[in-house]
Every structure is written in structure tokens, then in C-alpha cells.
Protein chains: 2
Amino acid sequence: MATENWQHYDFSMKKEPRQARSRASVQAMVEACARILEERGYAGLTTNAVAEVAGVSIGSLYEYFPGKEAIVARLCGALLADVSSTLNARLELTDSREDVHRAMRHLIGALHGLVRQHRKLLRVLIFQVPFIQQLPSAQKLQLELLRVAEKGLQKSRQHYRLSVSPSTLYLMATSTAGSLLHLVLMAPPGLETEVVLDDLAARMADWLEKG
Amino acid sequence: MATENWQHYDFSMKKEPRQARSRASVQAMVEACARILEERGYAGLTTNAVAEVAGVSIGSLYEYFPGKEAIVARLCGALLADVSSTLNARLELTDSREDVHRAMRHLIGALHGLVRQHRKLLRVLIFQVPFIQQLPSAQKLQLELLRVAEKGLQKSRQHYRLSVSPSTLYLMATSTAGSLLHLVLMAPPGLETEVVLDDLAARMADWLEKG
DNA sequence: GTTTAATCTGAGTATATACTCGGAAAAACT
DNA sequence: AGTTTTTCCGAGTATATACTCAGATTAAAC
């Protein structure tokens with residue numbers, strides 16, 4: 001595209017696959033997209049390459065996706081669903097009698113695990129894909145983080161009387177997640193990150209408790 | 001380039017401009033590069049566009065730069081020099097009688113100012129330029145951060161006996177800078193970030209004091 | 001003033017990538 | 001079986017971008 005303003009770009013698919021065969025094709029394209037992003041970076045992601053790696057023709061690709069951006073969008077959607085469900089599953093396990101410190105360590109631990117698992121792909125998505133912030137799924141993720149934090153707060157019985165303003169909560173969640181992301185994605189391999197994780201959790205908890 | 005492995009790519013210039021005229025041209029190209037990155041993003045950065053905005057011909061551009069990557073590299077070099085000198089100037093002002101908390105607030109404040117100043121450009125550089133991490137200047141910056149942190153520690157008289165391991169110091173600096181970057185670059189405008197900055201500074205200081 | 005080096009020019013070439021389209025093949029429907 | 005819908009195909013086209021080169025222009029050197 002000549003223009004680089006992704007603000008109002010439509011990332012949706014041309015059409016949904018209806019039969020099992022085409023669903024498999026689309027799935028293969030999305031997986032090929034992930035593999036290529038990991039191995040060659042965003043600049044190496046071409047529609048032709050996706051089709052080739054997925055084992056389908058270029059024509060089939062354009063049957064469902066209007067361009068490579070839409071493939072990335074669908075990949076991000078799937079990734080977000082993973083994050084969301086993992087986070088919520090972790091939340092279910094949170095006992096309402098737990099203190100905030102414990103709950104935070106668990107939540108941050110879960111997030112950490114996810115980031116580590118998709119380390120390579122996340123690095124490319126975050127640091128190379130120009131429209132990543134405009135993706136509906138990325139924007140949903142921010143709200144989801146907020147929702148999880150709020151729900152977590154309410155579950156910790158002895159603390160749910162605390163009145164933390166949404167904007168403050170958002171700031172904390174953003175800064176904490178940002179810290180964690182940068183830590184895992186940018187730190188040289190072999191560095192022990194657990195200490196920092198504990199510190200992050202403690203900091204979040206302190207913040208919540210002291211207002 | 002077909003390959004997307006920037007590990008051993010040569011980002012240096014073809015030749016240095018010798019006369020005043022050509023120095024001005026190169027300068028204009030670098031500034032054009034910055035403007036285009038801010039206005040159109042990395043995908044909008046083409047050699048032709050740089051030449052046009054800079055007011056020189058495409059031929060002149062290739063006289064000095066082997067490709068657009070080299071222009072970005074030179075831009076980053078200049079930016080780093082700015083960061084480095086600002087940080088060191090701030091360090092000069094640090095009184096050796098100051099406590100760690102105060103010193104940290106100053107340093108982080110200076111860093112914050114820089115990031116705010118180049119907010120738009122930094123966002124593109126960090127989130128869109130695929131080879132940014134491989135740039136010599138980016139790698140120098142990490143060492144520079146470490147050096148500043150170490151020097152700052154030594155300057156705070158009452159604390160320079162503390163033995164903080166280099167790897168720990170690196171972790172803290174990375175995580176703190178990462179937090180700050182994400183905060184300034186990703187937070188929605190209008191959000192009051194000062195609170196978080198103070199918290200970051202306090203956290204760094206506490207960490208240093210308590211080992 | 002002559003020579004040499006540096007700088008600039010921009011039409012032109014090569015290449016890579018996005019995307020189309022007419023039609024074949026397979027599946028679903030009746 | 002016949003009909004309709006869905007899926008797949010891939011050579012071919014359009015376009016954008018990187019990069020070259022032969023020669024003009026300007027500045028420095030002597």
C-alpha cells in the first residue's frame with residue numbers, strides 16, 4: 001500500500017472458509033505466516049512465500065485474505081485468544097482468601113510463561129509489524145488486561161474494598177506488562193529473570209495496597 | 001535485500017563527504033530520513049523518497065549510502081550521541097553527597113525528557129525498524145547505560161561500597177528503561193506519567209540499597 | 001589557467017512483490 | 001445424474017522500489 005496510515009484499514013477476511021478443506025487451507029496459511037515471521041521477519045513475509053510454505057497456490061490465498069496484513073491479523077487473533085484463556089484460567093485458580101502478593105505472582109508468572117513460549121514470534125510481531133497497535137485484537141488485549149486486573153482485585157477478599165481508579169490500574173498494568181515484555185524479549189539469553197519477576201509482582205501488589 | 005538476517009550486515013557508509021556541500025547533502029538526507037520515518041513509518045521510507053524530501057537526486061544518495069539501512073544507521077548514531085551526552089551531562093551535575101534516590105530521580109527524569117522529545121521517531125525506530133537491535137549504536141547504548149549506572153553509583157558517596165554485580169545492574173537498568181520506554185511510547189496521551197516515574201526511581205534506588 | 005578530484009544528475013534497468021482472472025476440480029445439494 | 005456452490009490453480013500483469021552509469025557541474029590543487 002502506498003499509504004502507511006493503518007488507522008482505518010480493514011483487516012478482516014474476504015470470506016470465511018465453509019468446508020473442511022478450505023478451513024485446513026486457511027489454517028495452513030496462518031501457520032505458514034507464523035513460521036515465516038519467526039524465520040525471516042516481517043520484511044520476509046510475502047504473500048507468495050506464505051502460499052508456498054502453506055502448500056497452496058497464491059490464488060487460493062487471495063480467495064480468503066485481501067493481503068498479508070489480514071493473515072497477520074488472524075494470527076494475532078488466535079494468539080490473543082490463547083493469552084486471554086490462559087490468563088482467565090489462572091484467575092479461576094485464584095483463591096479468594098489469597099493475599100494480593102500471591103495472586104500477582106501467579107498472574108505475572110502465567111503471563112511470563114506465555115511470553116516465553118511465543119518469544120520469537122512476539123518479538124517480530126511487536127518490533128516489526130507496523131500496524132500491530134491498530135489491530136482489533138491488540139486493542140482488545142489492553143481491555144482484557146484491565147478486566148483481569150479488576151477481577152483479580154475483587155477476588156482477593158481482604159482487599160476488594162480498595163478503590164483504585166481505572167486509569168491508575170491501567171498505568172500499572174501497562175508499565176508492568178511493558179517491563180515484563182522488554183525483559184523477556186530483549187534480555188540476553190541465560191540471564192536469570194526470576195528475581196525481576198518477583199520484584200514486579202511485589203511492586204504491583206504494594207501499589208494496590210498502598211493506593 | 002532478499003535475506004532478512006541483519007546479523008552481519010554492514011551499515012557503514014560508502015564514503016564520507018569531504019567538502020562542505022556534500023556534508024550538507026548528507027545531513028539533509030539524514031534529516032529527510034527522520035521526517036519520513038515520523039510521517040510515513042518505516043514501510044514508507046524509500047530511497048527515492050529520501051532523495052526527494054532532501055532535495056537531492058537519487059544518484060547523490062547512492063554516492064554516500066549503500067542503501068536506506070545505512071541512512072537509518074547514521075540517524076541512530078546521531079540520536080545516540082544526543083542521549084549519551086545528555087545523560088553524561090546530567091551525571092556531571094550529580095553531587096557526590098546526594099543520596100541514591102535523588103540521583104536516580106534525576107537520571108530517570110533526564111531519560112524521560114529525551115524519550116518524550118523524540119517520542120514519535122523513537123516509536124517508529126523501536127517498533128518498526130527490523131534491524132534496530134543489530135545497529136552498532138544500539139549496542140553501544142546498552143553499554144553506555146551500564147556505564148552511566150556504574151558511574152552514578154560511585155558518585156553517591158555513602159553508597160559506593162555496595163557491591164552490585166554487573167549482571168544485576170544490567171537487569172535493573174534494562175527493566176527500568178524498558179518500563180519507561182513502554183510507558184511513554186505506548187500510554188495514551190494525556191495520562192499522568194510522573195507518578196510512575198517517581199516509582200521507577202524509588203524502585204531502582206531501593207534495589208541498589210538493599211542489594 | 002589547467003588539471004584533477006569531488007559532487008551531482010536523473011533517465012533507465014532489473015527485480016521483487018502484490019494481486020487478477022479464466023477456468024479446472026472437488027464437494028454439496030436436489 | 002445433473003446442478004450449483006465452493007475451492008483451487010498458477011501463468012500473467014501491473015507496479016513499486018532498489019540501484020546503475022555515463023556524463024555534466026562544481027570545487028580544490030597546482
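Letters A, B, ... mirror the listed sequences (proteins, then strands); counts begin at 1. These numbers come from the heavy atoms of this one structure, side chains and all, not from hydrogens, waters or symmetry mates.
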Between [X] ([atom1]) and [N] ([atom2]), how many Å, whole number?
X      : N       : atom1 : atom2 : result
Y9(A)  : dA18(C) : OH    : P     : 11 Å
E52(A) : dT17(C) : CD    : C1'   : 14 Å
I58(A) : dA11(D) : CD1   : P     : 12 Å
L45(B) : dA16(D) : CG    : P     : 17 Å
E69(B) : dT17(D) : CD    : C1'   : 12 Å

Q) Under a 4.0 Å heavy-atom cut-off, which of residues 13-24 of chain B touch DNA chain C? A) K15(B), P17(B), R18(B), Q19(B), R21(B), S22(B)
Q) Considering only heavy atoms, which members of residues 30-38 of chain B lie under 4.0 Å from some atom of DNA chain C? A)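 Going residue by residue through residues 30-38 of chain B, none turns out to have a heavy atom under 4.0 Å of DNA chain C.
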Q: Tell me what S60(B) touches on the nucleic acid: a base, only sugar-phosphate, or nothing, going by heavy atoms under 4.0 Å.
A: base
Q. F65(A) near the nucleic acid: base, sugar-phosphate alone, or nothing, with a heavy-atom cut-off under 4.0 Å?
A. nothing
Q | Ring centroid separation F131(B) to F11(B) under 6.0 Å | A | yes
Q. Rounded to the nearest 0.5 Å, how far does CG of N48(B) lie from CD1 of I58(B)?
A. 4.5 Å
Q: Please answer whether the main-chain N or O of L107(B) pairs with a side-chain N or O of R90(B) as donor and acceptor at a distance below 3.5 Å.
A: no
Q.
Determine whether a donor-acceptor pair (N or O, by modelled atom type, separation under 3.5 Å) exists between the side chain of K151(B) and the backbone of L91(B).
A.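 No; judged by distance alone, with no hydrogens or angles, the pair does not exist.
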Q | Under-4.0 Å salt bridge between E150(A) and R147(A) | A |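 Salt bridge between E150(A) and R147(A), a charged N being under 4.0 Å from a carboxylate O: no.
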Q) Toward the 5' end of DNA chain C, which comes first, N48(B) or S25(B), by nearest nucleotide? A) S25(B)
Q. Among the nucleotides dT7(D), dT9(C), dC19(C), which one has an atom lying closest to any side-chain atom of E63(A)?
A. dT7(D)
Q. When you measure from the centre of the six-membered ring of Y64(A), is the NZ or CZ of K15(A) under 6.0 Å away and within 45° of the axis?
A.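 Yes; both conditions hold, so K15(A) lies above the ring face of Y64(A).
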Q) Toward the 5' end of DNA chain D, which comes first, Y64(A) or T46(B), by nearest nucleotide? A)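 In this pair, the answer is Y64(A).
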Q: Applying side-chain hydrogen bond (donor to acceptor under 3.5 Å, both in side chains), run through Y9(A) and E69(A) and close with a yes or a no.
A: CA-CA 10 Å; Y9(A) 189 84; E69(A) 297 84 6; 3.2 Å; yes
